Amino acid sequence: MAIDLTKATDHHGDDAERDDVVEETAETVEAAGQEMTRAQRAREAYAATSARGRAALEVQRANVSARLHAWFTAEELSEGELGTWVTNCKLRAQQQRGEHLMHEVTHLRTRLTEAKAREAGEEGDRKATSPQIERLKGQLAVAEVRLENFVPDAVMPPTPKEISHARWVRKAARAAAVVAGVIGWIKLATMEPWVLPGTLLAAPFVWWALARPIEEDQNQNQDHGQDQNEAGTVAAESTEGSKVSLVKTPSTMAAAAGLEPTAAAVEPGVPDAGAGGMPEVPGEAVGPRGPVASADPLQIRGAADLITALVKAKVVEASERDETHVVGLIQAFGPGWTATVELPAGRTAADAIGRIAQLASALRVKAGQIELTADSTEDGHEGRFTIWVAHADNPFGTGKSASELIAAEVWDFWADGIPIGLDARQTRRVLDMLWASLLIGGLKGYGKTYLARLIAAAAALDPYVRIILITGKSGPDWVALKKVAHAYVAGATPAKLNEIHGLLDDTIADMQQRGEKLERLFETDPASCPEGKLTRELARRPGTELTLLVVDELQELLLAAAMTKVKVDENEDGEGGRGRSGKTVLVEKFARFVNVTRFVGGMGVFITQRPDASSVPTELREVCDKRASARVKGAPSARMVLGDDAVNAGAAPHMLREIHRGVYVMDEGAESGHLTFKGDVIDLPDFGRICQRGQALRIKAGTLTGYAAEHAQAELAAARTAELLADAITAFDRLGVTDAQGLTAETLAAALAEDHPDRYEGLDAAALRERLREVDITTGKVTTSDGKRVNGYTRAQLAARTGGRETP
C-alpha cells in the first residue's frame, strides 16, 4: 500500500498551524483574565478607599458636631471652672462697691473744695452759701464713714443653682456671638469682595481644627487631671477637710481675668469639713476658683490651718494650740485675706510680729506679702494681733498712680491733708501734717523726694502756707518751688551753710513772736484762740499762716557742716565766744524748729538717703512725730529711720525689694501703728504747673512773700495792672459811661476807691496816671457826660490793654 507522503506532510502542517492558533487563543484568554483581575482589584480598592473616606468623613462630622455641640452648650466647662467664673463675678461686684465709695468720697471732696473757693469769691459772682457748704460737709462725712466701715463680704462657694445659671449664661453668650458673627460676615461680604474667597480658603483649616480626634483632648485632660489628683492628694493629706484656700497658688491666680482670688468666711472652731466649706472632691484640692492643684504642703483652709502655721513658725508652741483662737472670720479684704488671732495667755502680739519671716515660710509666701499689726480696736489687747496676707507677690503693682493734686486748682492744707497714695488693700490714704514733722529715709532711687513732693505740692496749692526750702545740693528737684517759696537755699558750701544758720535763726525768732501774738490774743479774745493755739481761721491771716520747712539731702548738709565750726556765745559786738561743730549746731537748730514752732503752725520734712547714725541723728529723729522709710538694707537701717518701737511693732522697710520702688513704710506715731503704701506720683513738669498755680493764688491772696516775691516782681506788677484795668472797666460800667464818653483821672480814682477801698484807698489822680502810664495808657481829650471837653480816659483805651476782653 502506497502512502502519499505529500498529503501526510500537508496534514501535519495544518495541525501545527492549529496548535499555534490554540496557543495564541489561550494566551489571549489568559491576558484578558489578568486584565479583568486588575480592574476588579482597582474597583475593589476604590470601593475600600471610598468606604474608608466615608467612614473618616463620618468620624470628622461626628467630631465637628460633638465639638460644636459641646461649645454651644458649654459642656466643656467643668463645674469647677464655672464656679471660678461665679466667684470672679462676686469678687468684681465687691471691688466695684469699694471703688464706688472711693469715687463718691473723692467727688464730694472736690465739690466741697470748689464750694469753698466760690465762697471766698475766687470764681466771680457764683459764690457758694454756707448752707451749701454745710450740706456738702454732711454728705462727705456720711460717705467717709461708709467708706471707713466698708468691709467686703466673704465670697461664699458657688451653689449648684449659681453654677447652672452660669452655664446658661455662657450658652446664651456663645449663641449670641455666633449670630452676631454671621451677620457681621454677611455685611462685610457684601462690601468687600475678597471676604468670600478668603473664607473659602480658611474653611479647610477650620474644618481640620474642628475635626481633630476628640480622644487627643480627652487624653490631655486625663493627663492634666491625673497631675491635679496627685498634687491635690498631697494637699489633702496635709490638711483637714476642704475649706477654701486663702493662699495664692499658680492655679488660683487666673491672671487673664485680672482678679484676685478671695476666700469664703470660715467660722473659727468649726471643723474644716463643715457647712462653710465647699463640697469635697476626691483627689482634688478645692479653692475659690474651683478645683485647684497645688504642690503647696500647707494651705490655709480654715482656723485650724492658720493656727498650724503659727505653730510651724514657732509663734506659739504645739502645746498651746488649743489656747490659740481666730477671732471672728477669716475673710477677704482687698487683694488678700485677713484674720484676727488671739494668742495664749502670756504671749504678745510683738512675739508674732517679730517672726514675720518664719510665718511667711510657714504660709509659703514672701515676707512682703504679710502685714502684722497689734489689734488696736476697742476689744483688742496685747495678746491679739491682725494678720493680712496679699494674694500677689507685689500687691502694690508696678504702675504709677498720678496724684489728684495735679488737677486741683486750689487745696486746703489744713482741712484736706495730703493725699499720699494707696495701701496694699487699695485703700486711699491721707497724711495729716498739722502739729507734726516728718522724717523720710531710704536708699537712693526709691522715691523719697517723690513723697516729699506730694507734701510740697499740697502746700503750694494753699496760698496760706509759707514754704521754706533747704536742700544740700543743687538740682532740678525743687526749682519749681522758687515761684512760691518764702525762702530757698540750695547747696552745702560754707557760704550756704551760714545762710542756712541765719535763716533758721530768723524763722525760729519769727515763730516765737507769733506765739507771743497768740498769747496776747488769747488774753483779749479767748474765743478766737481756743487753748491759745492756732486755728484755721487765724492761719488764713497774713503773718500767721502755716509754715512748712522742707530739708532735702540732709546727709549732705550734715557732712558739710561737720567740717565747719560755728561761733557761739559771742557778745553784742561779735567778740569772744567759742567754736562748736557746725553739724551739732545745725542738728540742734533743726530740732529746735520742730519743738518751738509746732503749736504755731510749724512743720518740718527732713529727707535723707543714707540712713545711718551720722545722717539720721537721734536728736532730730526723736522730735519727728511721723517717720517714713523707703526700702533700706537690713533691720538696723530700718530702726535708724523709724525707731525701735516701730520696727518691733512690725514696720519692715528692710523687707521691701527692688520691685517696691515708690513703696513706703510710715509710722505716724499713733495707736494705729505703721502703714505700708505706694505713693502717688507728681512728675517735675506737673510739679512746675502746680507751683505756677500756687504763685497765682498767692498773688491774689497777697501772701507771696520773701524769695518768691523778689523773683516775681514782673508777675506781681502784671497782676496788679490787670487788676487795676479790670476794676477801672467795672467803674466805667457802673457809672454808665458810654463808649463815646470818658472820665477824668480824678473821677476814675474816686470811683475805684469807692468800689474797692481795700485796694485803692488813698489813690489820687496823680498816682492813677502814673500807674496807667506804666502800661502806655495816657490821657487825651474826652467828652464827659455833661458835655465838657477835658483830659481823661475812655473805656476803649482800658479794654485795648486787656487784649480786648471786657473783664479779666
Side-chain angles (χ1 to χ4, degrees), residues 151-157 235 238-249 261-278 285-288 296-356 358-365 367 369-391 424-425 649-650 673:
V151 177
D153 298 330
V155 179
M156 302 303 294
S238 65
T239 58
E240 299 176 359
S242 58
K243 286 293 180 186
V244 176
S245 172
L246 298 175
V247 177
K248 180 197 75 172
T249 63
T262 185
V266 179
E267 197 67 45
V270 177
D272 289 344
M278 294 179 64
V286 182
D296 209 354
L298 179 62
Q299 293 192 17
I300 301 304
R301 302 170 185 275
D305 287 340
L306 178 54
I307 294 173
T308 298
L310 296 173
V311 172
K312 289 181 177 292
K314 298 190 183 303
V315 175
V316 297
E317 299 294 336
S319 59
E320 298 174 316
R321 174 188 289 271
D322 293 339
E323 301 179 58
T324 308
H325 306 286
V326 174
V327 180
L329 302 175
I330 298 178
Q331 58 184 347
F333 195 126
W337 59 269
T338 185
T340 299
V341 178
E342 187 166 280
L343 297 170
R347 296 279 184 179
T348 65
D351 296 334
I353 292 171
R355 301 192 66 80
I356 287 182
Q358 292 80 358
L359 184 57
S361 175
L363 294 175
R364 292 296 186 262
V365 297
Q369 293 175 240
I370 299 178
E371 289 186 6
L372 289 183
T373 56
D375 186 359
S376 58
T377 63
E378 185 177 349
D379 297 330
H381 54 78
E382 294 299 324
R384 186 181 288 186
F385 70 89
T386 299
I387 179 174
W388 183 81
V389 181
H391 293 312
R425 300 163 178 80

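All residue numbers refer to positions in the sequence shown, counting from 1. The model shown is predicted, which means the values in this text are computed figures rather than measured ones.
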Notebook entry, point to check: Do Lys314 and Gln358 come within less than 4.5 Å of each other through their side chains, counting heavy atoms only?
Noted result: no
Next item on the list: Locate the shortest heavy-atom distance separating Ala424 from Glu371; write the atom from each residue and the value.
Entry: CB-OE2, 3.9 Å
Check: What closest approach, in Å, do Pro344 and Val316 show between heavy atoms, and which atom pair accounts for it?
Finding: CD-CG1, 3.6 Å
Check: Under a 4.5 Å cut-off applied to non-hydrogen side-chain atoms, are Ile387 and Leu363 in contact?
Finding: yes
Checklist line | Closest heavy-atom pair and its distance - Phe385, Ala349 | finding: CB-CB, 3.9 Å
Note to self: So Phe333 and Val389, do their side chains get closer than 4.5 Å, heavy atoms only?
What the structure shows: no
Check: Less than 4.5 Å apart, any side-chain heavy atom of Thr340 and any of Arg384?
Finding: yes
Next item on the list: Take Leu329 and Trp337, measure what side-chain contact (heavy atoms from CB on, under 4.5 Å) needs, and give me the verdict at the end.
Entry: CA-CA 10 Å; Leu329 302 175; Trp337 59 269; over 6 Å; no
Check: Which pair of non-hydrogen atoms, one from Ala339 and one from Ile330, has the smallest distance, and what is that distance?
Finding: CB-CG1, 3.9 Å
Next item on the list: Start with the C-alpha distance between Thr324 and Val341, add both sets of side-chain angles, then the distance that settles side-chain contact (heavy atoms from CB on, under 4.5 Å), and finish with yes or no.
Entry: CA-CA 7 Å; Thr324 308; Val341 178; 4.0 Å; yes
Item checked: With Glu317 via side chain to side chain contact (heavy atoms under 4.5 Å, CB included) - residues at least two apart -> Ser319, Glu320, Arg347
Notebook entry, point to check: What are the two closest heavy atoms between Ala309 and Leu359, and how far apart are they?
Noted result: O-CD1, 3.9 Å
Next item on the list: Measure from the side-chain N and O atoms of His381 to the backbone N and O of Gly383, and report whether any donor-acceptor pair falls under 3.5 Å.
Entry: yes
Notebook entry, point to check: Going by heavy atoms in the side chains, are Arg425 and Trp388 under 4.5 Å from each other?
Noted result: yes
Check: Is any side-chain heavy atom of Leu372 less than 4.5 Å from a side-chain heavy atom of Thr386?
Finding: no
Next item on the list: Would you check if there is a donor-acceptor pair between the side chains of Asp375 and Thr377 at a distance under 3.5 Å?
Entry: yes
Margin query: Do Ile370 and Val365 make a side-chain contact, defined as non-hydrogen atoms from C-beta onward lying under 4.5 Å apart?
Written below: yes
Item checked: Which atom of Ala362 lies closest to which atom of Lys312, heavy atoms considered -> CB-CB, 4.1 Å
Check: Counting distance only, does the side-chain N/O of Arg321 pair as donor-acceptor with the main-chain N or O of Val311 below 3.5 Å?
Finding: no
